[in-house]
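Everything numeric here is computed off the predicted structure, so don't read it as measured data. In this chain, residues are counted from 1 in sequence order.
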Amino acid sequence: MTYTVAVAGATGYAGGEALRILAAHPDFEITCVAGHSTVGQTMAQHMPHIPQIADLTVVEATPEHLNGHDVIILALPHGASGALAAELDSDAVVVDLGADHRLINQTDWDTYYGGTYFPHWQYGMPELITGGKAGAFTYQRSNLVGAKRIAGPGCNVTAVTLALQPALAYGLIDSSAIVADLVVGYSGAGKALKRTNLLAAEALGSATAYGVGGTHRHIPEMVQNLGFAASAYEGTQSSQAQAMRLSFTPVLAPMARGILATVSAPLSKQGMQYSQDELQQLWAKTYAQEHFIHVLTPGMLPVTGNVIGSNAAHIQVVKDERAGRLIAFAAIDNLNRGTAGQAVQSLNIALGLKEETGLTTIGVAP
C-alpha cells in the first residue's frame, strides 16, 4: 500500500528535509505541499535538490487542502499547528514537527512558550526509555504502534536524551546538577531572515551562544524525557523530574547542519563504582538492539560530519575520574535524526512498516 502525504511548512528547513526523505521512501507519495508566504510557487523554486516534487505547487496550509491524505506532516512554528491540527481528519496520521504537542505539563508550556496549551500527543522518539528496569527497559516505540497523532521531539532534546538517558536509568549520576552544552548548526535557527543566521559575514568563522540562563524552550522537554528514564531506576517519574535540574547552553557554530552534545553530571556513589569500560558496556547494552543508535568503540568521540544526512546518532560516554563526573556525547544531524528522519521512523512504526524503511545510517562525510 502507498500512503499519500501532505506537508505543511513545505519550504522550510524541517519541511524540506521531510520531503527529501519521503521522496525516496517506497511506501509514501507526496501529494500536497502547503505553506503561507510561498503559496502559488512551485517546489522547483524552493527544493531543486528534490526533482521528484519539482512540479508541485504550494497551496495554503488549511484543513481543506491537508485533509483527504493518509499522512499529514506539520512543519510549522510553535503555536501554529495546535489549532490547525484540531481540524484535521481523525483517521489521518498527523505528525507535528513543532513544539505544540510535546509537553505533558501545561505549566511548562505556559512558562517557556505561552499562548494556548494543546494536549500532549504520543512522543515520536522510539528509543526513549519510558520505564521498566535495568536489563528490561520499556521504550516509547511500543506506544507509537497504531498512533494517529505524533509529536516530533526537539532536535537539541534528541541529542541530550540519547546521550544521557542510560545514566539516569542505571542511577549513575546526581540528576540535580546536569550540564548540557551543545554545538548547533545554523539550520537549527530556522530559515527566517536574521542577521545571525543568514548573513555569511556574521556567521562564518564565528560562534555564538543563545537561549542562555535557563531560558531555552527545549529545557522542560529534556527534563520530561530524562525523568522517564530515571523512573526505570527509581520507579517514579514525577519525583525525579521535580528533583532534576539541567543547565542548557546551545552554541551556534558555522556549519549548516549537525549537533554535538556534551552532557555531564556528578557521578553518584553507585556511578563511581563503575570503570570506564563498564560504563561503555552499559551504554552498548542499552542500545544493542537499536538500528539507528551507534555507541562508538572505546577512545572514539562523536563527530557531526559522520552523521550528516542520516538518521543515525553516534554516542559515547566518558568517566572523568578526577572531577568525579560522567560525560556523555552525542552527534546527530539536527534536520534528519533531530527532526524529519525521526518523524519518518515514528511514522513507519505507527503504520506497521519496517522501522528503518526509507532511512539511512550512512553519513556523507567529509
Are Phe292 and Leu162 packed together at the side-chain level, in the sense that at least one heavy-atom pair is separated by less than 4.5 angstrom?
no
Is it possible for you to say whether Ile219 and Leu164 belong to one hydrophobic cluster, with membership spreading through side-chain heavy-atom contacts below 4.5 Å?
yes
Report the distance from atom CG of Asp174 to atom CE of Met244, rounding to the nearest 0.5 Å.
10.0 Å
Between His65 and Glu60, is there a donor-acceptor pair closer than 3.5 Å when you use the side chain of the first and the backbone of the second?
yes
When you measure from the side chain of Arg149 to the backbone N and O of Ala92, does any donor-acceptor pair fall under 3.5 Å?
yes
Pair Glu17, Arg257 - check side-chain contact (heavy atoms from CB on, under 4.5 Å), show working.
CA-CA 11 Å; Glu17 184 71 354; Arg257 293 175 178 239; 2.7 Å; yes
Side chain to side chain, Leu351 and Met1, heavy atoms closer than 4.5 Å
no
Let me see the working for Arg102 and His120 under side-chain contact (heavy atoms from CB on, under 4.5 Å), right down to the final yes or no.
CA-CA 6 Å; Arg102 295 173 184 166; His120 176 259; 5.6 Å; no
Indicate the atoms forming the closest heavy-atom contact of Pro119 with His101, along with that distance.
O-CD2, 3.0 Å
If we only count heavy atoms from C-beta on, is the Arg337 to Val307 side-chain gap below 4.5 Å?
no
Just by distance, do the side chain of Ser346 and the backbone of Gly124 share a donor-acceptor pair under 3.5 Å?
yes
Which is it for Gln280 and Asp277 under the side chain to side chain donor-acceptor pair (under 3.5 Å) test, yes or no, and what are the steps along the way?
CA-CA 5 Å; Gln280 180 97 21; Asp277 289 343; over 6 Å; no
Take Asn67 and Leu88 through the side-chain contact (heavy atoms from CB on, under 4.5 Å) test and state the conclusion after the steps.
CA-CA 6 Å; Asn67 284 332; Leu88 299 180; 3.6 Å; yes
Value for CD1 (Ile150) from CG (Leu144), rounded to nearest 0.5 Å, stands at 5.5 Å
Spacing of Tyr186 atom OH and Met255 atom CE [to the nearest 0.5 Å]:
10.0 Å
Test item: Leu103 and Glu221 side chains (from C-beta on) under 4.5 Å apart, heavy atoms:
yes
Just by distance, do the side chain of Asp89 and the backbone of Asp91 share a donor-acceptor pair under 3.5 Å?
no
One should read off an interatomic distance between Leu22 CG and Gln52 CD, to the nearest 0.5 angstrom, of 11.0 Å
For residues Ile129 and Leu168, determine if any side-chain heavy atom of one lies less than 4.5 Å from a side-chain heavy atom of the other.
no
Taking atom types as modelled, is there a side-chain donor on Asn348 or His25 under 3.5 Å from an acceptor on the other?
yes
Is a side-chain donor or acceptor of Trp283 paired with a backbone partner of Ala167 at a separation under 3.5 angstrom?
no
Output for pair (Met222 CE, Phe248 CZ), nearest 0.5 Å, gives 4.0 Å
Flag for Tyr274-Gln281: side-chain donor and acceptor within less than 3.5 Å
no
Flag side-chain contact, heavy atom, 4.5 Å: Lys354 against His291:
no
I'd like to know if the side chain of Ser187 reaches the main chain of Ala256, judged simply by a donor and an acceptor atom lying under 3.5 Å from each other, with no hydrogens or angles considered.
yes
Which heavy-atom pair separates Tyr112 from Pro220 by the least distance, and what is that distance?
CD1-CG, 3.6 Å
Could you tell me if Tyr139 and Gln289 have a donor-acceptor pair between their side chains, going purely by distance under 3.5 Å?
no
Quick one: does Ile259's side chain get under 4.5 Å of Asn156's, heavy atoms only?
yes
Ring geometry between His78 and Tyr113 (parallel below 30°, tilted from 30 to 60°, perpendicular above 60°):
perpendicular
Verify side chain to side chain donor-acceptor pair (under 3.5 Å) between Gln41 and His46, making sure each step is shown before the conclusion.
CA-CA 8 Å; Gln41 300 174 13; His46 294 277; 2.5 Å; yes
Okay, side chain of Thr42, backbone of Leu56: is any donor-acceptor separation there less than 3.5 Å?
no
Separation between CE of Met300 and CG of Asn306, rounded to the nearest 0.5 Å:
7.0 Å
So with a 6.0 Å cut-off around CD1 of Ile362, is the heavy-atom count from everything else above 12?
no
Check: His314 ring centroid to Phe329 ring centroid under 6.0 Å
no
Have Gln345 and Asn311 got a donor and an acceptor in their side chains that come within less than 3.5 Å?
yes
Taking the six-membered ring for Trp, are Phe137 and Tyr170 ring centroids under 6.0 Å apart?
yes
Hydrophobic clusters here meaning ILVMFWY residues chained together by side-chain heavy-atom distances under 4.5 Å, can you tell me if Val145 and Val95 are in one?
yes
Minimal heavy-atom distance between Thr339 and Cys155, with the atoms involved, is OG1-CB, 4.2 Å
Identify the heavy atoms of Leu353 and Phe28 that sit nearest to each other, and give their distance.
CD1-CZ, 4.3 Å
Minimum-distance pair of heavy atoms, taken over all atoms of Ser81 and Asp96
OG-OD2, 2.8 Å
Compare all side-chain heavy atoms of Ile315 with those of Val317 and state whether any distance is below 4.5 angstrom.
no
Qualifying residue, where the test is side-chain contact (heavy atoms from CB on, under 4.5 Å) with Leu128 and the options are Arg141, Gln140, Gln224
Gln140
Do the side chain of Asp320 and the main chain of Leu326 share a donor and acceptor less than 3.5 angstrom apart?
no
Side chain Gln276, main chain Lys319, donor-acceptor under 3.5 Å:
yes
Grouping I, L, V, M, F, W and Y whenever their side-chain heavy atoms are under 4.5 Å apart, do Ile332 and Leu296 come out in a common cluster?
no
Please check if atom NZ in Lys148 has more than 12 non-hydrogen atoms from other residues, nucleotides or ligands closer than 6.0 Å.
yes
Which heavy atom in Ala34 sits nearest to a heavy atom in Leu66, and how many Å separate them?
CB-CD2, 4.0 Å
Ser206 (side chain) donor-acceptor with Ala203 (main chain) under 3.5 angstrom:
no
Under the criterion side-chain contact (heavy atoms from CB on, under 4.5 Å), I'd like the reasoning laid out for Thr11 against Met43: C-alpha separation, chi angles, the key distance, then a yes or no.
CA-CA 8 Å; Thr11 58; Met43 291 307 291; 4.1 Å; yes
Answer with yes or no whether the hydrophobic clustering places Leu347 together with Leu76; edges join I, L, V, M, F, W, Y residues whose side-chain heavy atoms lie under 4.5 Å apart.
no
Do Leu204 and Val183 sit in the same hydrophobic cluster, where Ile, Leu, Val, Met, Phe, Trp and Tyr count as joined when their side-chain heavy atoms come under 4.5 Å apart?
no
